[in-house]
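Worksheet for the structure shown next.
Reminder, nothing fancy here: chain letters follow the sequence lines and each chain counts from 1.
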2 protein chains.
Amino acid sequence: MINNQFKKGELYSFITGKASTAIARRLQKNFKEAGIEITIEQWSVLYHLWKEDGQSQQQLCEATFRDKPSITRLVDNLEKSKLVKRVASKNDRRSNLIFLTKEGKNLEPKTMEVANRTLNEALEGVTNGQIEIAKEVLQMVYDNLK
Amino acid sequence: MINNQFKKGELYSFITGKASTAIARRLQKNFKEAGIEITIEQWSVLYHLWKEDGQSQQQLCEATFRDKPSITRLVDNLEKSKLVKRVASKNDRRSNLIFLTKEGKNLEPKTMEVANRTLNEALEGVTNGQIEIAKEVLQMVYDNLK
DNA sequence: ATCATATAGTTGTTTATGCAACTATACAAA
DNA sequence: TTTGTATAGTTGCATAAACAACTATATGAT
């Protein structure tokens, strides 16, 4: 049992994820400055499609840790922006497969460069050892709760 | 300069804050199960008012790391729920001071108990040493970007 | 083959965020 | 006093999340 290790204020900060909010805002700002016209949430979908194109919405739910309505609407907006398109699956007619358009594919290198750069800004002055432990803790939290 | 310490997938997870999303969802679920009818975002405002009542909206912006429109609307909703009330400042007529109602004050013990319990669920199996380092890293990220 | 159940995705509603534009008040310099 | 500027807060708009209710298709048991 863990007790009282969080002083007031620290509990708040840990629960509300001020650090990840700060990263998201900076990433959005850096996208904008680089002329990349997507939201962070849309980026999170594209990120997984760049790794593997043609995933179903359900797969994208699991990959991005979002629910089905969220993915429906993110895909709606990505389709409006002509970055992806829905293709009905031939094996399972309930299922949509999401494919990147040419434009969606073209976005990858610039966007990933900005994401990597943003993370470097975020982690300025943090040692590799500290980062490893932070990653472990965040993974354990995620596994405890997901 | 920090390079390549994030393998694919880990970068995504770090940037998108899956751990803090998981904490927020669990906290919301625990509030609901305890019959506490507020959102996490409303909790984040109440949390700071419990520490110091009668703060201005501007102070709440800084405390909660939210912008002014967000606080305007969170206070709107907290007022609708009769948990706080706006009082025009006598010193500065531009400024609203936000005070807890009796009902808002009554909510504190139960709500903080749930928040602490949720954090314990999240950190099950994580050592105090790991937690200290994770807190340091998150604080450094926040300071680098805020 | 039929029926119950599970799975994939959509839609509606409420709450919240981010950004820009706006009003009102305060304050400081001329 | 007037004028310019900064600060506190609000409003409008687009995007997104959480939850419940819904449709359509698939699958497994009988």
Side-chain angles (χ1 to χ4, degrees), chain A residues 16-18 20-33 37-46 54-81 83-84 86-98, chain B residues 16-18 20-33 37-46 54-81 83-84 86-98:
Chain A
T16 59
K18 280 163 78 165
S20 54
T21 302
I23 295 182
R25 285 185 196 163
R26 178 63 64 90
L27 183 56
Q28 187 69 75
K29 176 167 166 273
N30 288 347
F31 279 164
K32 195 169 187 180
E33 283 173 8
E37 303 259 318
I38 57 174
T39 66
I40 305 307
E41 293 82 5
Q42 290 170 5
W43 171 77
S44 79
V45 172
L46 293 175
Q55 294 189 61
S56 70
Q57 294 187 200
Q58 185 56 44
Q59 286 176 297
L60 291 173
C61 287
E62 286 146 25
T64 63
F65 197 41
R66 290 182 158 79
D67 69 358
K68 291 193 290 183
S70 294
I71 291 296
T72 292
R73 279 139 178 162
L74 285 172
V75 172
D76 286 348
N77 284 332
L78 286 166
E79 260 193 328
K80 272 188 223 157
S81 311
L83 297 175
V84 306
R86 283 179 169 93
V87 177
S89 167
K90 278 160 190 168
N91 308 333
D92 185 339
R93 281 163 53 199
R94 294 170 303 182
S95 171
N96 293 330
L97 304 182
I98 312 304
Chain B
T16 60
K18 280 163 79 165
S20 55
T21 302
I23 294 181
R25 285 185 195 161
R26 178 63 63 92
L27 182 57
Q28 186 70 74
K29 177 167 166 275
N30 288 348
F31 279 164
K32 195 170 188 178
E33 283 172 9
E37 303 260 319
I38 57 174
T39 66
I40 305 308
E41 293 82 4
Q42 291 170 5
W43 170 79
S44 79
V45 172
L46 293 175
Q55 295 189 59
S56 69
Q57 295 188 198
Q58 185 56 44
Q59 285 176 299
L60 292 173
C61 287
E62 285 147 25
T64 63
F65 196 42
R66 288 182 160 79
D67 68 359
K68 292 193 290 182
S70 293
I71 291 297
T72 293
R73 279 140 179 162
L74 286 172
V75 172
D76 286 347
N77 285 333
L78 286 166
E79 260 192 331
K80 272 189 224 160
S81 310
L83 298 175
V84 306
R86 283 179 168 94
V87 177
S89 167
K90 278 161 189 167
N91 308 334
D92 185 340
R93 284 163 54 201
R94 292 170 303 179
S95 172
N96 293 331
L97 302 183
I98 312 304

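- Heavy-atom distances to DNA chain C give each of A:Leu97 and A:Arg25 a nearest nucleotide, and the one nearer the 5′ end belongs to A:Leu97.
- Listed nucleotides C:dT17, C:dA8, D:dG9 differ in distance to B:Ser70; the shortest reach to its side chain belongs to C:dT17.
- If you check every strand for non-hydrogen atoms under 4.0 Å, A:Lys32 touches sugar and phosphate atoms only.
- Rounding to whole angstrom units, CD of residue B:Glu41 and P of C:dT14 are separated by 17 Å.
- A:Gln58 places its CD atom 13 Å from the C1' atom of C:dT10, with the value rounded to the nearest Å.
- Distances shorter than 4.0 Å separate some side-chain N or O of A:Asn77 from OP1 or OP2 on D:dA16.
- B:Ile40 places its CD1 atom 12 Å from the P atom of C:dT17, with the value rounded to the nearest Å.
- Heavy-atom distances to DNA chain D give each of A:Asp92 and A:Leu74 a nearest nucleotide, and the one nearer the 5′ end belongs to A:Leu74.
- Within the structure, a side-chain polar atom (N or O) of B:Ser95 is placed less than 4.0 Å from OP1 or OP2 of D:dG9.
- Distance A:Gln59 CD to C:dA8 C1': 12 Å, rounded to the nearest Å.
- The pair B:Arg73-B:Asp67 does not meet the salt-bridge criterion, since no charged nitrogen lies less than 4.0 angstrom from a carboxylate oxygen.
- Put simply, the residue from B:Gln58, B:Gln59, B:Arg66 that forms a side-chain hydrogen bond (donor to acceptor under 3.5 Å, both in side chains) with B:Glu62 is B:Gln58.
- A distance of 12.0 Å separates CZ of B:Arg94 from CG of B:Asn96, quoted to the nearest 0.5 Å.
- Contact annotation for A:Ile71: no contact, since no heavy-atom pair falls under 4.0 Å across all strands.
- Taking atom CG of A:Leu60 as the reference point, atom C1' of C:dT7 lies 16 Å away to the nearest angstrom.
- Across all strands shown, A:Thr72 has heavy atoms under 4.0 Å from base atoms, whether or not it also approaches the sugar-phosphate.
- Under the side chain to side chain contact (heavy atoms under 4.5 Å, CB included) rule, B:Val45 has a single partner from B:Leu60, B:Val84, B:Leu83, which is B:Leu60.
- No engagement by A:Ser89 is indicated, since no non-hydrogen atom pair under 4.0 Å with the nucleic acid exists.
- Not one side-chain nitrogen or oxygen of B:Arg66 sits closer than 4.0 Å to the OP1 or OP2 atom of C:dA16.
- Looking at heavy-atom distances under 4.0 Å, B:Arg73 makes contact with a base.
- B:Arg86 has its CZ atom 9 Å from the C1' atom of D:dT10, to the nearest Å.
- Looking only at atom types and distance, the side chain of A:Ser20 has a donor-acceptor partner in the side chain of B:Ser20 under 3.5 Å away.
- Listed nucleotides: C:dG9, D:dC19, C:dT7. Nearest to the side chain of A:Arg94: C:dT7.
- Residue B:Gln28 places no side-chain N or O under 4.0 Å from the OP1 or OP2 atom of D:dA17.
- Residue B:Gln57 places none of its side-chain N or O atoms closer than 4.0 Å to OP1 or OP2 of D:dT7.
- Looking at which nucleotide of DNA chain D each of A:Asp67 and A:Arg93 is closest to, the 5′-most match is held by A:Asp67.
- Between the CZ atom of B:Phe31 and the C1' atom of C:dT15 there is a distance of 16 Å, given to the nearest Å.
- Proximity of B:Asn91 to the phosphate of C:dT25: no side-chain N or O atom is located under 4.0 Å from OP1 or OP2.
- One interatomic measurement links the two molecules: CD of A:Gln42 to C1' of C:dT17, which rounds to 14 Å at whole-angstrom precision.
- Between B:Ser56 and the phosphate of D:dA8, there is no side-chain N or O to OP1/OP2 separation shorter than 4.0 Å.
- You'll find that the side chain of A:Pro69 is closest to C:dT11, out of C:dA8, D:dT15, C:dT11.
- With no hydrogens or angles considered, no side-chain donor-acceptor pair links B:Ser89 and B:Asp92 at under 3.5 Å.
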